[in-house]
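Report on the following structure.
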Amino acid sequence: MSDLRLMLERGAEAAVRGLLGCVLVHESHGVLRAGRIVEAEAYTQDDPASHCFRGRTERNRAMFGPAGVAYVYFSYGMHHCMNVVTGREGVGEAVLVRALEPVEGIEAMIAARGWEGRPLRDLCNGPGKVCRAMGIGPGHYGADLLAGGALRLEPGRRRRGETVRLTPRIGISKAVELPRRAVLERSI
DNA sequence: GATAGGATTCACT
DNA sequence: GTGAATCCTATCA
């Protein structure tokens, strides 16, 4: 039982902070891509903005799975977004990965996004961009991120001078005021 | 069976 | 800053 799993099982509101600094890794076609999670949002079952607010459906069933599996969904007809499922099995909770700081395989990310010659800071600073750059898609729906597979989550360290700030969420129309978005910031 | 709207991104003004 | 692209899901008739 890893520390990471225990942390995720504690629930979305704890996990949204704990996930910051952790590293998302994807190995495909012999290429390794990795990025530190620097922005995330918690979604729980009692949250009107959550996909599982109205109960279990065919689309959101992964959110009710065990902590550590991926919930990938399709949005706005053109983007995929990835969540890390939290809480106990049977509870609909997850943390949306909103932004990464590229660590490894940056060239592959740039190629996947068609981002040649553009600002690096805009490569992974959005949930749709994260999936595109990392090569995450519907095929990863329900994948176990803690099992050491091709797509996995690894513990990360928070660096000196970095702090977690909780802010209202963005991009949604319901329950916007809840401070369930966590951002990793350099305080110096 | 039909329709409204969305946990977004990008290009353009 | 504003608006278009684009399609799946949930919800309603």
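Bear in mind that the values here come from a model prediction, so they are computed numbers and not experimental data. Chain identifiers are assigned alphabetically (A, B, ...) following the order of the sequence lines, protein sequences preceding nucleic acid strands; residue numbering begins at 1 within each chain.
Rounded to whole Å, the distance from OH on A:Tyr76 to P on B:dG6 is 6 Å. The CG atom of A:Asp122 sits 14 Å away from the C1' atom of B:dA11 (whole-angstrom rounding). In this structure, A:Asn125 places its CG atom 12 Å from P of B:dT8, rounding to the nearest Å. Atom-to-atom, NE2 of A:His80 to P of B:dT9 comes out at 13 Å; the value is rounded to the nearest Å. Per the geometry, CZ belonging to A:Phe74 stands 14 Å off P belonging to B:dA7, to the nearest Å. Distance, A:Trp115 CH2 to B:dA11 C1': 11 Å, rounded to whole Å. If you take CD of A:Glu93 and P of B:dA7, they are 18 Å apart, rounded to a whole angstrom. Whole-Å rounding puts the A:Phe53 CZ to B:dA7 C1' distance at 15 Å.
Look at A:Glu162 and A:Arg157 and you find no salt bridge, because none of the NZ, NE, NH1 or NH2 atoms lies under 4.0 Å from a carboxylate O. Salt-bridge annotation for A:Arg113 and A:Asp122: absent, with no side-chain N of the basic residue lying under 4.0 Å from a carboxylate O of the acidic one. Salt-bridge annotation for A:Glu39 and A:Arg181: present, with a side-chain N of the basic residue lying under 4.0 Å from a carboxylate O of the acidic one.
Contact annotation for A:Met82: no contact, since no heavy-atom pair falls under 4.0 Å across all strands. Residue-level contact check: A:Ile172 touches the backbone only, with heavy atoms under 4.0 Å from sugar-phosphate atoms and none from bases. A:Tyr43 comes within 4.0 angstrom of a nucleotide base, judged by non-hydrogen atoms across all strands. Among the protein residues, A:Arg118 comes within range of the sugar-phosphate backbone only, with heavy atoms under 4.0 Å from sugar or phosphate atoms but none that close to a base.
Using a 3.5 Å distance cut-off with no hydrogens or angles, the side chains of A:Thr44 and A:Arg180 do pair a donor with an acceptor.
Nucleotide C:dA10 forms a Watson-Crick or G-U wobble pair with B:dT3, both donor-acceptor distances falling under 3.5 Å.
The cationic atom of A:Arg59 (NZ for Lys, CZ for Arg) does not lie both less than 6.0 Å from the six-membered ring centre of A:Tyr141 and within 45° of the ring axis.
Contact check for A:His26 versus A:His140: side-chain heavy atoms found under the 4.5 Å cut-off. Residues A:Glu154 and A:Leu24 fail the side-chain proximity criterion, which asks for heavy atoms closer than 4.5 Å.
Reading DNA chain C from its 5' end, the first and the last nucleotide to sit under 4.0 Å from a heavy atom of chain A are C:dA5 to C:dT11.
In terms of phosphate contacts, A:Arg98 brings a side-chain nitrogen or oxygen within less than 4.0 Å of OP1 or OP2 of B:dT8. A:Lys129 has a side-chain polar atom (N or O) that falls below the 4.0 Å cut-off from OP1 or OP2 of B:dC10.
When the nearest nucleotides of DNA chain B are assigned to A:Tyr73 and A:Arg113 by heavy-atom distance, the more 5′-ward of the two goes with A:Tyr73.
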